[in-house]
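Take a look at the structure set out below.
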Amino acid sequence: MPILKSQGLLTVLTMVLTFGLPSCSSVEEKKNEVSVDGGAVGFPIHQAVAEEFQKVKPEAQVSVASSGTGGGISKFCNGDIDVVGASRAIKDEEIETCKKKDIKVVELPIALDGIAVIANRQNKFAKCLTIEELNKIWNSKSANKANTWNQINPKFPSQPLKLYAPASDTGTFDYFTQAVTGKAKDSRTDYTPSHNQNVLVQGVIGDAGALGYVGISYYLANQDKLNLVAVQSPKGECKTPVPLDNVVKNIYLPLSRPLFIYVSKKSLDSEPAVKEFVEFYIENSWKWVDQVGYVALPDEAYPKVKQKLASEETGSKFKDAKPGQPIAELL
């Protein structure tokens, strides 16, 4: 009998140890987890940084997802993720939503992007569009009315106009609509939307009368299959986001924009893995920005961004910025 009791006790101890170890392990794993979500534009940068970070810190577990800027900020303000990538500045109402969860946002510009206006390769006439023409194409009053190219410009052929653009909860949609129509969300809805900008690119490639807009990296990956449409600047010059220097020097207006990551001050103060990842991101991301199809910040911007992170300055300096406003003015 004593032997049986000993065996029973040994069995119980074995079970405790067996089921106890994963619990301790999961606590350690949790400490090393960092979750990133947000816009499709900027996603390749987050992915590249995460991969490089895990090389120098193998125990780190960084998950990177893309559910759109609006969707990512919603998750961030709900406390579901640590870092959100955004292709537009956070809005006042989003900051207020975050505050309700005791989340104070630290805003960190990480790169620049030029929104590329793209047309089908067969399009030989829409080489340069004015903001007025883009407004005529995209504003909400044009829905089910401006359906052929000659309705935009009588010099264009009477060819059906088919539109492809990011979904209405994306940062690219928000920024483009504000820049072109002068009013947030003032966009027609009778277009083909997608959160996946590769889908938009394929739509334009396959439709002779198509026009769309995407982040510059999506154009660069398919430039041999698309026409890049120039946009007339406020000075009356037709400019494109290529060469990328046009974005850096703020020549491609008003469709040049900063990209961001947002992190909560509380996470920086209480979660070492999150702070370490974000510090690594700001220190090193410029090395991979160009490789994944975006534009590095001006040299003078990086020390200012590092200072913002070091001081954990909260709030947004960009939420009221005008489309195309130079980033240096706001930092």
Side-chain angles (χ1 to χ4, degrees), residues 22-51 53-54 57 59-111 166-175 184 195 258-283 285 305-306 308-320:
S23 177
C24 294
S25 176
S26 63
V27 170
E28 284 303 310
E29 287 177 2
K30 188 71 176 173
K31 288 181 181 178
N32 293 314
E33 288 178 0
V34 181
S35 53
V36 185
D37 200 341
V41 173
F43 172 80
I45 307 175
H46 316 323
Q47 204 168 33
V49 173
E51 288 173 3
F53 180 66
Q54 288 175 150
K57 190 175 180 182
E59 68 273 23
Q61 297 184 37
V62 185
S63 62
V64 183
S66 174
S67 57
T69 293
I73 290 177
S74 179
K75 291 179 181 180
F76 176 73
C77 290
N78 198 44
D80 296 332
I81 59 173
D82 301 308
V83 180
V84 61
S87 57
R88 60 156 171 84
I90 195 169
K91 300 175 182 178
D92 282 322
E93 57 266 32
E94 291 167 335
I95 292 175
E96 290 305 311
T97 300
C98 278
K99 282 183 179 178
K100 291 175 183 177
K101 290 279 189 175
D102 195 28
I103 295 172
K104 296 178 181 178
V105 299
V106 177
E107 178 181 70
L108 302 167
I110 49 100
S168 60
D169 62 346
T170 63
T172 303
F173 170 91
D174 284 339
Y175 194 94
H195 285 94
L259 305 177
F260 305 91
I261 58 170
Y262 289 92
V263 61
S264 79
K265 186 177 185 303
K266 182 187 290 185
S267 292
L268 290 174
D269 291 339
S270 61
E271 298 181 36
V274 174
K275 184 171 185 178
E276 194 172 350
F277 172 74
V278 174
E279 287 177 341
F280 180 88
Y281 197 122
I282 299 306
E283 185 68 34
S285 59
V305 176
K306 290 178 185 178
K308 278 175 68 75
L309 176 58
S311 65
E312 298 183 5
E313 174 189 330
T314 60
S316 172
K317 287 188 174 181
F318 288 81
K319 60 184 177 60
D320 298 319

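- Summarising the geometry of L268 relative to V278, their closest heavy-atom pair is CD2-CB, 4.4 Å, with the distance given to 0.1 Å.
- Every residue meeting the ring-ring contact (aromatic ring centres under 6.0 Å, His included) condition with F53, not counting sequence neighbours, appears here in chain and number order: F277, F280.
- Partners of K99 by salt bridge (charged side-chain N to carboxylate O under 4.0 Å, His left out), not counting sequence neighbours, listed by chain and number: E96.
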Test T170 against H195 for side chain to side chain contact (heavy atoms under 4.5 Å, CB included), laying out the working first. CA-CA 7 Å; T170 63; H195 285 94; 3.7 Å; yes

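- With contacts defined as side-chain heavy-atom distances shorter than 4.5 Å, the pair K275/V263 does not qualify.
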Which donor-acceptor pairs under 3.5 Å do the side chains of residues 71-85 make with protein atoms, sequence neighbours left out?
from, atom 1, to, atom 2, distance (Å)
K75, NZ, D37, OD2, 2.8
N78, ND2, D80, OD1, 3.4
N78, ND2, D80, OD2, 2.9
D82, OD2, S35, N, 2.9
D82, OD2, S35, OG, 3.2

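- Scored by the side chain to side chain donor-acceptor pair (under 3.5 Å) test, S264 finds S267 as partners (sequence neighbours excluded).
- Across every non-hydrogen atom of V105 and C98, the tightest pair is CG1-SG, 4.0 Å.
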What do the steps show when you test K308 against V106 for side chain to side chain contact (heavy atoms under 4.5 Å, CB included), and what is the final call? CA-CA 8 Å; K308 278 175 68 75; V106 177; 5.6 Å; no

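- In terms of heavy atoms, F260 sits closest to A89 at CE1-N, 3.6 Å.
- Screening residues 84-93 for salt bridge (Lys or Arg N to Asp or Glu O under 4.0 Å), with sequence neighbours left out, gives R88-E94, R88-D174, K91-D174, D92-K319.
- T172 and S87 get closest at one heavy-atom pair: N-OG, 3.3 Å.
- In this structure Q54 satisfies the side chain to side chain contact (heavy atoms under 4.5 Å, CB included) test together with A60, V62, sequence neighbours excluded.
- Here the straight-line distance linking atom CG of L259 with atom CD1 of I45 works out to 5.5 Å at 0.5 Å rounding.
- A distance of 5.5 Å separates CD1 in I261 from OH in Y281, rounded to the nearest 0.5 Å.
- For E271, there are no salt bridge (charged side-chain N to carboxylate O under 4.0 Å, His left out) partners, not counting sequence neighbours.
- Applying the side chain to side chain contact (heavy atoms under 4.5 Å, CB included) test to A40 and every residue at least two apart in sequence or in another chain returns S66, Y218.
- Looking at residues two or more places apart in sequence or on another chain, you find a salt bridge (charged side-chain N to carboxylate O under 4.0 Å, His left out) between E276 and K57.
- Not a single ring-ring contact (aromatic ring centres under 6.0 Å, His included) links F173 to another residue, sequence neighbours left out.
- Taking the salt bridge (charged side-chain N to carboxylate O under 4.0 Å, His left out) definition, one finds that K265 meets it with D269, E312, sequence neighbours left out.
- In this structure, the side chain to side chain contact (heavy atoms under 4.5 Å, CB included) partners of S311, at least two apart in sequence or on a different chain, are Q307, E313.
- Residue Q61 holds its CD atom at 7.0 Å from CG of N32, rounded to the nearest 0.5 Å.
- Across every non-hydrogen atom of S316 and I95, the tightest pair is CB-CD1, 4.1 Å.
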